[in-house]
Amino acid sequence: MAHMEPVNNKPAVSQFLQQAVLIKQGAEARVYRGRFLGKSAIIKERFPKLYRHPALDEKLTRRRTAQEVRSILRCRKAGIDAPVVFFVDYTTNCIFLEEVIDSVTVREHVASAQASGQSVEALYSLADRIGKILAKMHDEDVVHGDLTTSNMLLVKGKEGRDGKLVLIDFGLSYISALPEDKGVDMYVLEKAFLSTHPNTEALFERLLKSYTASSKKAPAVIKKLDEVRLRGRKRSMVG
């Protein structure tokens, strides 16, 4: 992975982005598809927040960019599939990432399985894989911050075998050893999972069983998850 920090690359990166295809714009960043050194790439550009003081904005944006890269690299070092980081430019706060080709989101896969009438049990092996990978990620003290089935990619396997399961979009991630933070991470996934995929409570419970069986640290996280669930229910009753 290359870093170009001291040099002002804004003109070159801006020209590059003009030739790329904008595929998504959120509150925090624009996401482009393009070619980088002959390879298919996804470029994530964090843009300035005009409501913040420029110096503060630059500091916060730079910190968030660095944290996203740090989380991806920590996952990859631990053997967790995440996109390769090709290049980082801190003058424009752009991250150039590998495009994960021949893949679908877990959201699309589960929705397709439900639409075709497959039973929830047919997806248990996928839930087992997700639980195991998330336990490994949390063992590395990486908190994703935005766990949804849209931020997990299933790569098409060869000869009918399972392909890789790739975690993406670490834009809200951070490093923490606290079970509370990891419990909130799982709570965010649970809320997103059950709202996106109706009638999959048994599937998510299967995921949690796999998560628990894959890490010695998991019981403390599940305990915190239960506490967060309780707080969420109390807020719902009051609200």
Side-chain angles (χ1 to χ4, degrees), residues 1-77 80-109 111 137 142-156 163-175 188 192 196:
M1 183 193 70
H3 289 264
M4 289 185 65
E5 191 166 339
V7 181
N8 184 359
N9 298 296
K10 286 186 179 181
V13 173
S14 296
Q15 186 177 5
F16 182 93
L17 292 180
Q18 286 175 10
Q19 298 171 358
V21 178
L22 179 66
I23 57 175
K24 180 183 176 183
Q25 175 158 346
E28 296 291 324
R30 300 183 190 95
V31 180
Y32 300 83
R33 177 182 287 116
R35 303 284 297 178
F36 184 75
L37 299 178
K39 298 179 180 179
S40 298
I42 296 295
I43 305 96
K44 184 170 185 178
E45 176 199 24
R46 279 194 167 83
F47 46 78
K49 303 290 191 302
L50 299 179
Y51 58 84
R52 288 198 296 229
H53 186 281
L56 175 63
D57 181 70
E58 173 60 28
K59 182 178 180 180
L60 292 175
T61 304
R62 183 189 180 96
R63 183 184 299 166
R64 178 110 312 273
T65 300
Q67 184 55 67
E68 180 169 2
V69 173
R70 192 177 297 121
S71 295
I72 294 172
L73 296 181
R74 185 177 281 218
C75 283
R76 288 185 57 80
K77 187 176 180 181
I80 299 164
D81 285 311
V84 174
V85 179
F86 290 146
F87 176 81
V88 184
D89 178 35
Y90 289 112
T91 62
T92 57
N93 292 300
C94 282
I95 307 173
F96 292 69
L97 298 158
E98 165 196 21
E99 180 176 14
V100 183
I101 57 175
D102 292 329
S103 65
V104 296
T105 64
V106 168
R107 176 177 182 165
E108 292 167 333
H109 180 79
M137 180 186 75
V142 176
V143 176
H144 188 280
D146 190 21
L147 283 177
T148 69
T149 50
S150 294
N151 287 336
M152 304 174 190
L153 299 180
L154 274 175
V155 179
K156 187 177 180 181
K164 295 189 297 184
L165 180 62
V166 183
L167 299 182
I168 63 170
D169 199 352
F170 287 79
L172 296 177
S173 67
Y174 58 98
I175 306 301
V188 168
T196 305

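FYI, the numbering just counts along the sequence from 1.
By the side-chain contact (heavy atoms from CB on, under 4.5 Å) test, S14 pairs with no residue at all, sequence neighbours left out. Considering only residues two or more places apart in sequence or on other chains, D81 meets the side-chain hydrogen bond (donor to acceptor under 3.5 Å, both in side chains) condition with none of them. In this structure S173 satisfies the side-chain contact (heavy atoms from CB on, under 4.5 Å) test together with S71, F170, sequence neighbours excluded. With sequence neighbours left out, the side-chain contact (heavy atoms from CB on, under 4.5 Å) criterion links A66 to R70, Y90.
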After noting the C-alpha distance and the side-chain angles of R33 and I43, does the key distance pass the side chain to side chain contact (heavy atoms under 4.5 Å, CB included) rule?
CA-CA 6 Å; R33 177 182 287 116; I43 305 96; over 6 Å; no
side-chain hydrogen bond (donor to acceptor under 3.5 Å, both in side chains) assessment of R107 paired with T148:
CA-CA 8 Å; R107 176 177 182 165; T148 69; over 6 Å; no
Residues I95, T65; criterion side chain to side chain contact (heavy atoms under 4.5 Å, CB included); working and verdict
CA-CA 8 Å; I95 307 173; T65 300; 3.8 Å; yes
Intermediate values then yes/no, side chain to side chain contact (heavy atoms under 4.5 Å, CB included), R62 and E58:
CA-CA 6 Å; R62 183 189 180 96; E58 173 60 28; 4.2 Å; yes
Are I175 and V142 close enough, and set up right, to give a side chain to side chain contact (heavy atoms under 4.5 Å, CB included), and what steps lead you there?
CA-CA 5 Å; I175 306 301; V142 176; 4.0 Å; yes
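Counting all heavy atoms, side chain and backbone alike, A82 lies closest to V166 at CA-CG1, 3.7 Å. Nearest heavy atom pair, residue T149 against residue T105, reads O-CB, 3.8 Å. Scanning both residues, I168 and S150, for their nearest heavy atoms gives CD1-O, 3.9 Å.
Taking 4.5 Å as the limit, every side-chain heavy atom of C94 sits out of range of all side-chain heavy atoms of K44. With contacts defined as side-chain heavy-atom distances shorter than 4.5 Å, the pair P48/T61 does not qualify. Counting heavy atoms from C-beta outward, M152 and L165 have side chains that approach closer than 4.5 Å.
Within the 3.5 Å criterion, the main-chain N or O of L167 finds no donor-acceptor partner in the side chain of H144. N151 contributes a side-chain N or O that, together with a main-chain N or O of D146, makes up a donor-acceptor pair within less than 3.5 Å.
Separation of atoms CG (L60) and CZ (R46) is listed at 11.0 Å; rounding is to 0.5 Å. Rounded to the nearest 0.5 Å, atoms CG (D102) and CG (L154) are 12.5 Å apart. Within the model, atoms CG of N93 and CD of E45 stand 9.0 Å from one another, a figure rounded to the nearest 0.5 Å. Note that CD1 of I80 is 13.5 Å distant from NZ of K164, once rounded to the nearest 0.5 Å. Atom CD in Q67 sits 8.5 Å away from atom CZ in R74 (nearest 0.5 Å). Here M137 contributes atom CE and C75 contributes atom SG; the two are 6.5 Å apart, rounded to the nearest 0.5 Å.
Taking a cutoff of 4.0 Å between a charged side-chain nitrogen and a carboxylate oxygen, R52 and D57 qualify as a salt bridge. Ion pairing of K39 with E98 is absent here, as no side-chain N (NZ or NE/NH1/NH2) approaches a carboxylate O to less than 4.0 Å.
The list of ring pair (Phe, Tyr, Trp, His ring centres under 6.0 Å) pairs with a residue in residues 29-61, not counting sequence neighbours, reads F36-F87, F36-F96.
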Listing, residues 16-29 side-chain donor-acceptor contacts under 3.5 Å, not counting sequence neighbours, or none:
{"unit_1": "Q25", "atom_1": "OE1", "unit_2": "R30", "atom_2": "NE", "d": "3.4"}
{"unit_1": "E28", "atom_1": "OE1", "unit_2": "K49", "atom_2": "NZ", "d": "3.4"}

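Environment of CG in L56: crowded, with over 12 heavy atoms of neighbouring residues, nucleotides or ligands closer than 6.0 Å. Within a 6.0 Å sphere centred on CZ of R76, other residues, nucleotides and ligands contribute more than 12 heavy atoms.
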